[in-house]
Participant: 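Take a look at this one; I'll ask things after.
Naming: A, B, ... by sequence-line order, numbering from 1 per chain.
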Amino acid sequence: MRLRLVPQDTAYDFFRYRKITSGISIVAVILSLVAWMVMGLNFGIDFSGGTTIRSESTQAVDVGAYRAAIDPLGLGDVRITEVFDPSFGDDKNVAMIRLQAQEGVESVTAETIEDVRTALLALDPELQFASVESVGPKVSGELVKSAVIAVAVAMVLIMFYIWLRFEWQFAIGAVAALFHDVILAIGIFAVLQIRFDLATIAALLTIIGYSINDTVVIFDRLRENLRKFKTKPLVDVMNLSVNETLARTLMTSGTTLLALIALLVLGGDVIRGFVFAITFGIVVGTYSSLYVAKNIVLQLGVKRDWSKPDAGAGTQFGDVDA
Amino acid sequence: MLHIPTWKRVVIWALVACGVLLALPNVFYSRVEGHNDAAKLMEQSGLSTPELEAELAGWPSFLPSGLVNLGLDLRGGAHLLAEVQVADVYADRMRGLWPDVRNALRAERETVGPVRRLDAVAGELHVRIGEAAGMARAIDVVRDLARPIVSLTGVGASDIDVRGEGDVLIVTLSDAEKQATDRRTIQQSLEIIRRRVDEVGTREPTIQRQGDTRILIQVPGIGSAAELKALIGTTARLTFQPVVGRTADGTASAGVGNVVLPSLDEQGVFYIIEDRVVVSGEELTDAQPAFDQNGRPAVNFRFNPTGARKFGDYTADNIGSPFAIVLDEEVISAPTIQSHIPGGSGIITGNFTVEDSTQLAVLLRAGALPAEMTFLEERTIGPELGQDSIEAGAIACVVAFAAVLVFMWLSYGLFGLFANIALILNVGLMFGLLSLIGATLTLPGIAGIVLTIGMAVDANVLVFERIREELRRARGPARAIEQGYERALSAILDANVTTFLVAAILFTMGSGPVRGFAVTLGMGILTSVFTAIFVTRLIMVTWFDRARPKSIEV
C-alpha cells in the first residue's frame, strides 16, 4: 500500500476560482507591503549597525534589572530580549542585548563591552557572554546595498533564463510569482518582527530558488502539452499540466517541509529565524507556482501555432531545445 | 533497451567510491584533526615525540585526510573586518621626500632663494621658496627627483606631482603612485598580520583581502575579538629619534621639523623630538622578552648590519645627549647615550609587565604595520555556543534524513528504497566534495544540507512520477523506466539550473555564513542531480536486469 498525497488521476480545475486566488494574492501582497511600510522591519546589526551580545546564565533573566544595570552607561538605545527555546534546560537562560551603533566609532570598542560585562556581572556572577557581534555603520550600509543587488540580480538572471528556455510570457509569470513570494516573506517578517539580517537575505534567495524550481517543472510540462494538444483551449492545457505534475509538486514540497520542520524544531534558536523564513517561503512558493505564475501566463496568452515558423518577437529562443 | 555500458557503470561507481572515501575522514573528525595537526607539526619542526606519533597513528596516512572546515559560528573564535588607512603611508612618503627636496633646492639657491617647509595637510609637502620668480626652475628641479613607476595602468607616469601656487611649491603623490602604494600597503599589512597571528600559533586562521582596502581576519579558538585586536591592531612602529627637549606642555610649539610626543607611562610628560628617524624597527632582526639588570621586564633587540652601523655611528657622535625610543607616536623611554654602542644590539626598558614585554617582542619580530587600521566589524563566538549549534544541527540533520527516507519508502516502495540509497550516497558525496574543495561549514551551511536532503529527492520524484504516468499508458516496465528518465530530464535540468544560479549569486555576493550556505546548497545540487540521473538509474537498471519483473509498481 503506497502513501499517496494526491489520488492517481486528478482533474482539479485550478482556474475555476481564478479571480478569487488572484484576489487573495493581490490582497496578501498589498497587506505585506503595508505591514512593511507601517511596522518596518526589525533589522539586525548586519543592516543597521550596532552590537548584539548573547548572554547565558544559570540564573533566570530579569530584563528590567539588566536594563537598569546597562542604562547608566549611556549607550543610547538598548534592547534586551530573553530567548526561549525548548532545547534549553532550566539552568540555561539566554538573553540578547542589542546596543545601537555608537557615535564616532565604527565597531564598538572593547572597553564598552567590558563595561557592559562588569555591569551585568554585578547583577549575576554566573553570567557569560556566549557571543559578541558588532558591525559598524559603514559596513552595514554596504551590506544593505549588496543584499538588494543580490536579490535583484537573482530575479533578472532567472527571468532571462526562463525567457531563453521558454517564452517571455512564462518569464513574466515566473518573476511575478517570485515577487509575490518575496514580498509575502518580507511581510511576515514585518508582522512578526523577526530579526531581518544577512541570513534572511540568504533565505529569501533560497525561496526564490525553490519557487522557481517548482514553477519551472510545471512550465516544462505545459510546454510539452502545448505541443501535444495544439487545438485544446489554453486553460484546459494548463489545467492538465498542473494536474499531471501535482503529485510531484506536493511530494517535493512534502519532503522539503519534513526536513525543514525537523530543523525548525531541533536546530536551535540561533538559526530559527532563517529556517522559519525558508519554511514559510516553501509553502507560499508552492501556492504561487500553482496559482500566481499560471494565472498570469493565462492572462498574457501564449503563442499556440507551432506549425508555421514565425519570426515574431520574443520567441526565437523559445524552442531552443525543441 | 535498458542498457548501460560497462565502462559507464565503472565510472559511476568509481566516482561514488571516491566521494565516499573523501567524506570518510569527517566521520572520525577529532581523530583526523589530531593526525593532521601532528603531521603538520612534525613536518615543520622535525620533532617526533611519542605523543605526536600516537596522534599521527590515529588515522592511516594512505586514506584521504581532508576535512570540512568548521566556520567560526560552529567552532568559536573571533572575526574582524579591518580597514587599512592607506593614506597614512602618503604622509610617511612626504616626510621621507623632504630632505631630498631641500637638498635639491639648496643647490639652486641663486634662482629660488632660501627654502622653508610649511605645515600642510597630511600627504602633501608644502615648501615656501624665497624668490617666487624662480618657481619654474624649482618645479623643474623637484620634478627631476621623481621616479618613473611601472604598473599595468600607469606606464610612463612618475611617482610625484609637483605644482606651484604663488611662492609655495606643492608636492603630492601622483594618482598612479597612490594606487601602487595602496596595493603595496595592503600586501604588507596582510603579510604582517599573518606573521603576527602565526606567532601566536592558532589553527587555520583566515586572513584575506576584501575589496580595495579591507582585510578580513578570522581566528578560530581565540578568546575574544578584543584579544585579537590587541595583537593585530597595534601598528608597532618602532623608531629611534634624537631628542630636543622635555616639556610638561603637550601643546608646546615644537618648531619646524620637530614633533611633540607624549611619554608612554609618565602622565603629563612630553618630549620634543626631531622628526627624523635614526634607525627604525624595520632594521631589527630579532626581539626577545628579557629582564634588565634590575630584574624588570624588558625587550632585547638586535639590528641588522645596516641598522647596526647607523645606530653605532649615531651613538658615537652623540655621547651625552638623549635619544628617544618611540613606539606608535609614544615615547617608551629616552635614555642618555653613555657610550658608543657598536654591536647593534640593545635593550628597551620601560614600565612593562611580563605580558607587555612578551607582546612587544612578538610585534617587533613580526614587523610594523605600514598603516593604521580601523575595525569595521567584529564578532566573537564562544566555543560552547558553537558546540551547541553543531549538536542541534546534527540532530536536526539525522531526524530530517530519517523522516525523508521513511516518507520516500512509504510513497514509492522498492523504488523509494533505490532513491534512499542514492540519497545516502548523495550526502556522502556532498561531504566528499566539500572536503575536497576545503569548504567551510557554517550554521546556515548546515541548514543548506538539511534543505538539500529535502530537495535532493526532487529529481527522483520527477522521474518516478513520470514512470508512473508511462505505466498508466500501458507501456512495458522497461520502456516506462526509459521514457520516464528521458522525459523528466529537461524538467530536472531546468529546475536545477535555476536553483544553481541562485546559489552562485549567493556565493559571489555573500560573505561568511551566507557563503557557507551557498556552498552547501550549490554542491548539494550538483551531487543530487548526479545521483538522481546516474546512480538511481544504475541501481534500478541493475535490479531490473537481475529480477526481470513482468510488471513494476512505482
Participant: Go through the atoms of B/Thr374 and report whether side chain, backbone, both or neither lie under 4.5 Å from a heavy atom of chain A.
Facilitator: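 For B/Thr374, no heavy atom lies under 4.5 Å from chain A.
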
Participant: A/Glu224 versus B/Ser490: any side-chain heavy-atom pair under 4.5 Å?
Facilitator: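 The answer is no, as the side chains (C-beta and beyond) never meet within the 4.5 Å cut-off.
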
Participant: Would you give the length of the straight line joining atom NZ of A/Lys92 to atom CD of B/Glu384, rounded to the nearest 0.5 angstrom?
Facilitator: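 So the gap between those two atoms works out to 9.5 Å.
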
Participant: Identify which of B/Thr499, B/Ile453, B/Thr452 forms the greatest number of heavy-atom pairs closer than 4.5 Å to chain A.
Facilitator: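 Max contact count across the listed options: B/Thr499.
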
Participant: What part of B/Phe500 gets closer than 4.5 Å to chain A, counting heavy atoms only: side chain, backbone, both or neither?
Facilitator: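 When you check distances to chain A, no heavy atom of B/Phe500 falls under 4.5 Å.
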
Participant: Testing the basics here: between B/Leu506 and A/Ala202, what is the closest heavy-atom pair and its distance to 0.1 Å?
Facilitator: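 Reported closest heavy-atom pair: CD2-CA, 3.8 Å.
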
Participant: Looking at B/Asp458, B/Leu451, B/Val404, which one forms a side-chain contact (heavy atoms from CB on, under 4.5 Å) with A/Thr256?
Facilitator: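 Of the listed options, the one satisfying the test is B/Leu451.
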
Participant: Out of the candidates A/Leu157, A/Leu205, A/Ile212, only one should pair with B/Leu501 under the side-chain contact (heavy atoms from CB on, under 4.5 Å) rule; please name it.
Facilitator: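 Of the listed residues A/Leu157, A/Leu205, A/Ile212, the side-chain contact (heavy atoms from CB on, under 4.5 Å) partner of B/Leu501 is A/Leu157.
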
Participant: Is any side-chain heavy atom of B/Asp494 closer than 4.5 Å to one of A/Phe219?
Facilitator: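 No, side chains not in contact.
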
Participant: Using every non-hydrogen atom in the two residues, find where A/Val270 and B/Ser389 come nearest and quote the distance to one decimal.
Facilitator: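 Looking at all heavy atoms of both residues, the shortest contact is CG2-OG, 4.3 Å.
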
Participant: Does the side chain of B/Phe517 come within less than 4.5 Å of A/Thr206's, by heavy atoms?
Facilitator: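 Contact flag for A/Thr206/B/Phe517 side chains = yes.
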
Participant: B/Gly454 and A/Thr255: which non-hydrogen atoms are nearest, and at how many Å?
Facilitator: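 In terms of heavy atoms, the two residues are closest at O-OG1, 2.9 Å.
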
Participant: Non-hydrogen atoms of chain A under 4.5 Å away: do they reach the side chain of B/Glu465, the backbone, both or neither?
Facilitator: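 Side chain of B/Glu465 only, per the 4.5 Å heavy-atom cut-off to chain A.
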
Participant: Do you know the tightest heavy-atom contact between B/Val450 and A/Leu260?
Facilitator: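 Taking B/Val450 first and A/Leu260 second, the nearest heavy atoms are CG1-N, 4.4 Å.
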
Participant: Does the pair A/Arg54/B/Asp73 count as a salt bridge with the N-to-O cut at 4.0 Å?
Facilitator: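 No salt bridge links A/Arg54 with B/Asp73.
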
Participant: If you define the side chain from C-beta out and look only at heavy atoms, does anything of B/Arg466 sit under 4.5 Å from A/Arg221?
Facilitator: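 In contact.
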
Participant: For a quick test of reading the model, state the closest non-hydrogen atom pair linking A/Gly268 to B/Ala392 and the distance between them.
Facilitator: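 Taking every non-hydrogen atom into account, N-CB, 3.9 Å.
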
Participant: B/Ile505 versus chain A, heavy atoms under 4.5 Å apart: side chain, backbone, both or neither?
Facilitator: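 Contact with chain A involves the side chain of B/Ile505 alone.
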
Participant: Please tell me if the side chains of B/Phe407 and A/Met251 come closer than 4.5 Å, counting only heavy atoms from C-beta onward.
Facilitator: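 Answer yes - side chains close enough.
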
Participant: Between B/Leu81 and chain A, with a heavy-atom cut-off of 4.5 Å, which part of the residue counts as in contact: side chain, backbone, both or neither?
Facilitator: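 B/Leu81 touches chain A through side-chain heavy atoms alone.
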
Participant: Quick one: do B/Arg214 and A/Glu142 satisfy salt bridge (charged side-chain N to carboxylate O under 4.0 Å, His left out)? Show the steps, please.
Facilitator: CA-CA 13 Å; B/Arg214 289 181 187 171; A/Glu142 291 166 7; 2.6 Å; yes

Participant: Please report the interatomic distance CZ(A/Phe88) to CG(B/Asp388), rounded to the nearest 0.5 Å.
Facilitator: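 Between atom CZ of A/Phe88 and atom CG of B/Asp388 there are 8.0 Å.
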
Participant: Closest heavy-atom contact between B/Pro444 and A/Ile271?
Facilitator: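 Of all heavy-atom pairs spanning B/Pro444 and A/Ile271, the closest is N-CG2, 4.5 Å.
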
Participant: Does the side-chain contact (heavy atoms from CB on, under 4.5 Å) test come out yes or no for A/Glu133 and B/His79, once each step is laid out?
Facilitator: CA-CA 9 Å; A/Glu133 304 188 48; B/His79 160 119; over 6 Å; no

